[in-house]
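One structure is given here, and the rest of the page talks about it.
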Amino acid sequence: MNVESRKKALHYFFGKIVDPMGYKFTPDQELVDFLLEQEVILEQKHGIPFCPCQGLRHDRSRDMKIVCPCIPFHRKHFDIMKRCWCGLYVHKDVTDPDSLPQLPYSEADHE
Amino acid sequence: MYTLSTCPWCRKTKNFFAGHNIPFDYIDYDLADASTQDRIIEELDAHGATGFPYVKIDNEIVYGYNPSRYAELLGL
């Protein structure tokens, strides 16, 4: 399966998963395209579409927590930011994703 | 700075420094050898960081893409 069709498949599949969590794809279409492409590359390399912005630790139990969409494993942190770490998903009410910074969890907790 | 070759925020971070003509060293964690990865992970864990970019400016750690913090620390 080539990269473009796999990106479409991931987009369709992930959209169905994050919707009930109250998330949607970021309105930043260029970012969606880039991140999904990185995930297809990671999937081809490692067999799993990992998050492109959280490093693999070669510890299965930890690495499973960064399989996209990784929202359920970081729910409190991401809900505070109203976005996931790589920015692929945002809360449904978000219209300006650029206004949402990456907040370290420690800092996010005190917001 | 520690970065990932697959991460757009890491690229934005590098571009921020390059755009302001500030020299920087970086390691793309995902392209590094195992012992370098272990060292980086140890450092990230020590600071409670789970993702990238991870930037060190003098003794300050900035974890996550934060251009205003970079500017503040760099006196821009």
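Nothing here was measured: the structure is a model prediction, and the numbers come from that model. What's counted below: heavy atoms across the whole structure, side chains too, no hydrogens, waters or symmetry copies.
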(request) With a 4.5 angstrom heavy-atom cut-off, could you sort out which part of A/His58 is near chain B: side chain, backbone, both or neither? (result) side chain

(request) Verify the neighbour count for atom CZ of B/Phe17: are there more than 12 heavy atoms of other residues, nucleotides or ligands below 6.0 Å? (result) yes

(request) Measure distances from A/Leu31 to the heavy atoms of chain B and classify the residue's part below 4.5 Å as side chain, backbone, both or neither. (result) side chain

(message) Quick check on A/Phe13: does its CZ atom have over 12 non-hydrogen neighbours (other residues, nucleotides or ligands) under 6.0 Å away?
(response) no

(message) Tell me whether A/Val40 shares a hydrophobic cluster with A/Ile48, the cluster being built from Ile, Leu, Val, Met, Phe, Trp, Tyr side chains joined at under 4.5 Å.
(response) no

(message) According to a hydrophobic-cluster definition based on side-chain heavy atoms being under 4.5 Å apart (Ile, Leu, Val, Met, Phe, Trp, Tyr only), do A/Trp85 and A/Leu100 belong together?
(response) no

(request) To the nearest 0.5 angstrom, please state how far the NZ atom of A/Lys65 sits from the OG1 atom of B/Thr50. (result) 11.0 Å

(message) For B/Arg69, which atoms come within 4.5 Å of any heavy atom of chain A: side chain, backbone, both, or neither?
(response) neither

(request) Determine, using the 4.5 Å side-chain heavy-atom cutoff (strictly less than), whether B/Leu74 and B/Val62 are members of one ILVMFWY cluster. (result) yes

(request) Please determine if A/Arg62 and B/Asp45 form a salt bridge, counting it only when a charged side-chain N lies under 4.0 Å from a carboxylate O. (result) yes

(request) To the nearest 0.5 angstrom, please state how far the CG atom of B/Asp30 sits from the CD atom of A/Gln54. (result) 13.0 Å

(message) Are A/Gln38 and B/Pro8 packed together at the side-chain level, in the sense that at least one heavy-atom pair is separated by less than 4.5 angstrom?
(response) no

(request) Using non-hydrogen atoms and a 4.5 Å limit, figure out which bit of A/Ile41 sits close to chain B: side chain, backbone, both or neither. (result) neither

(message) With clusters defined by side-chain heavy atoms of hydrophobic residues (ILVMFWY) lying less than 4.5 Å apart, directly or transitively, does B/Ile40 cluster with B/Met1?
(response) yes

(message) Counting heavy-atom pairs closer than 4.5 Å to chain A, which one of B/Tyr29, B/Tyr65, B/Trp9 comes out on top?
(response) B/Trp9

(message) Let me confirm one number: the CD-OG1 distance from A/Glu37 to B/Thr6, rounded to the nearest 0.5 Å.
(response) 12.0 Å

(request) For atom CG of A/Asp96, decide whether the heavy atoms of other residues, nucleotides or ligands shown that lie under 6.0 angstrom number more than 12. (result) yes

